[in-house]
Amino acid sequence: MSEAMSDGTRGSSESKGLLGGWFAIPLWQRVIAALILGAITGYIWGPGAESIKIVGDVFIDFIKMLIVPLIFFSIVAGVAAIGNLGKLGSVGWRAVLMFVLTGQVAVVLGLTLGTFFEPGVGVDTSMLEMGATPEPSPFDWREMLRSMIPVSPVGVMANVQVLPLIVFSLLVGIGILLARREEEKDGGKPGGAAAIARAFDSGALIFQKITIIVMELTPFGVFALIAWVVGTLGLDAVAALAKLVALNYAGCLLVIGLLYTGILALVARVQVAGFFRGMIDAIAVAYSTASSSATLPVTLRCTQRNLGVSKPTSSFVVSLGSTINMDGTAMYLGLVTLFGAQLFGVELSWADYFVVALLATIGSIGAAGIPGGGLVMMGAVFTAVGVPLETIAFVAGVDRIMDMMRTATNVTGDATVTVATASMLGEIDKSELASADDV
Ligand code: ASP
């Protein structure tokens with residue numbers, strides 16, 4: 001497999017020929033080139049561009065294919081990993097609590113931006129030929145409660161029912177945790193449950209790799225989809241997408257500028273400027289690779305060497321954060337769901353807002369720290385509240401540009417929570433952080 005597929009960003013320089021040349025161009029550059037060319041093609045070709053939409057449909061079908069296995073494996077593996085919290089006690093619980101709270105604030109911010117600035121309003125999508133739209137049913141709490149119960153786990157997976165799938169995955173994770181404890185109590189030797197936990201870890205990794213393969217289709221999908229959107233809807237669509245990108249950047253900057261800065265100044269009581277100077281390498285790597293996982297080694301080095309956090313605390317909190325803490329992604333999932341609802345005229349009730357807030361947080365926990373991780377989770381949130389999956393087709397073209405900022409936010413959030421937890425427990429040498437200020 002080419003390097004492009006192993007890190008999702010850059011192709012193998014050793015591979016030869018046309019294919020080697022293609023993979024030698026970083027994926028994000030190929031995507032942006034496809035975006036521009038696709039928009040020009042659509043503008044010139046007009047409604048006829050619909051004939052190449054099939055290429056985009058295939059791309060989106062592959063994304064849909066990943067929803068169930070990615071959620072299942074990463075949530076089960078995530079819950080099983082939380083089992084190790086016992087080892088670190090107070091550090092773990094504080095970090096998880098902060099991860100969840102910051103995620104919630106981020107989603108609410110995304111929903112607020114989407115409500116006030118209405119990025120999807122004003123585009124006439126009636127010309128678009130759509131697939132079957134999931135029916136949003138009137139809210140009934142009894143129905144909602146029952147629909148969350150995975151009566152038939154296989155049926156839930158076959159029908160891509162996200163809420164009951166999450167409930168089932170959480171239960172499997174908890175089951176593994178409890179079984180593992182029992183095994184440890186009996187003989188102290190890891191048994192079958194520990195092996196299953198490891199298998200889920202590997203399963204999550206395998207599907208992350210498959211996601212990276214699917215992401216290689218992005219340039220083709222993006223070209224076809226943007227040509228279709230611009231060809232059918234004209235420049236209105238471009239304006240709406242530009243607004244969405246701007247709001248994504250504004251939302252991420254607000255999360256960093258208000259939420260993280262507030263936590264650093266008031267909870268961690270450290271020098272905010274010193275923190276950002278110490279983190280600049282990690283933020284730059286996150287922005288350019290669009291992958292929290294790929295940035296992990298740099299984030300670890302920055303938190304330990306420049307921010308003065310003790311090794312055990314930073315290794316634990318930063319690694320956990322890189323998988324379960326994605327505030328940029330959570331904010332975006334809230335924002336893009338409203339975008340899709342506005343675009344296709346789907347009325348969302350208060351109950352739907354609640355479901356979006358919940359699912360965007362869980363989705364950001366379940367999202368893989370790789371380029372496009374959030375794009376896959378989008379389908380899960382949309383399906384739950386009846387927003388057409390065509391929205392993915394709409395935004396896929398500009399996702400990479402937004403992903404870069406989301407990832408920079410996610411990584412900054414991991415470090416913020418690490419510094420705050422370490423401060424609470426006296427696991428940080430603040431003089432290191434002050435000296436980062438003088439660099
Ligand atoms: N690429 C992001 C990350 O690695 C996830 C996302 O797509 O939002 O953190």
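In listed order, ligands and their atoms are each counted from 1. Residue numbers count from 1 along this sequence.
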Over 60° means perpendicular and under 30° means parallel, so classify the ring planes of F73 and F207, tilted if in between. parallel
Looking only at protein heavy atoms, identify the closest one to atom 5 (C) of ligand 1 and say how far it is in Å. T329 OG1, 3.7 Å
Is it true that R406 and D399 make a salt bridge, defined as a side-chain N closer than 4.0 Å to a carboxylate O? yes
Donor + acceptor pair across side chains of T313, S310 (<3.5 Å): yes
Is a side-chain donor-acceptor pair under 3.5 Å present for S349 with D352? yes
Identify, by atom number and element, the atoms of ligand 1 in contact range of A290, meaning under 4.0 Å from any of its heavy atoms. 1 (N), 4 (O)
Contact partition for I370 relative to ligand 1, non-hydrogen atoms under 4.0 Å: backbone
Shortest protein contact, atom 1 (N) of ligand 1 (heavy atom only): D403 OD1, 2.6 Å
closest protein heavy atom to atom 7 (O) of ligand 1 is G374 N, 2.7 Å
Would you check whether N410 has a nitrogen or oxygen atom less than 3.5 angstrom from a nitrogen or oxygen atom of ligand 1? yes
Considering only heavy atoms of G372, which atoms of ligand 1 have at least one such atom less than 4.0 Å away? 7 (O)
Nearest protein heavy atom to atom 3 (C) of ligand 1, by residue and atom, and its distance? S292 OG, 3.2 Å
Going by distance alone, is a donor N or O of one side chain under 3.5 Å from an acceptor N or O of the other, for D327 and Y260? yes
Suppose I only count heavy atoms of S291 and a 4.0 Å limit; which atoms of ligand 1 are within that range? 4 (O)
Among L296, T407, T211, whose heavy atom sits nearest atom 2 (C) of ligand 1? T407
When you compare the side chain of V255 with that of C252, does any pair of heavy atoms fall below 4.5 Å? no
Taking only non-hydrogen atoms of G373 and a 4.0 Å limit, the atoms of ligand 1 in range are 7 (O)
Answer with yes or no whether the side chains of T418 and D414 bring together a donor and an acceptor at under 3.5 Å. no
What heavy-atom pair brings G278 and L307 nearest, and what distance separates the two atoms? CA-CD2, 4.0 Å
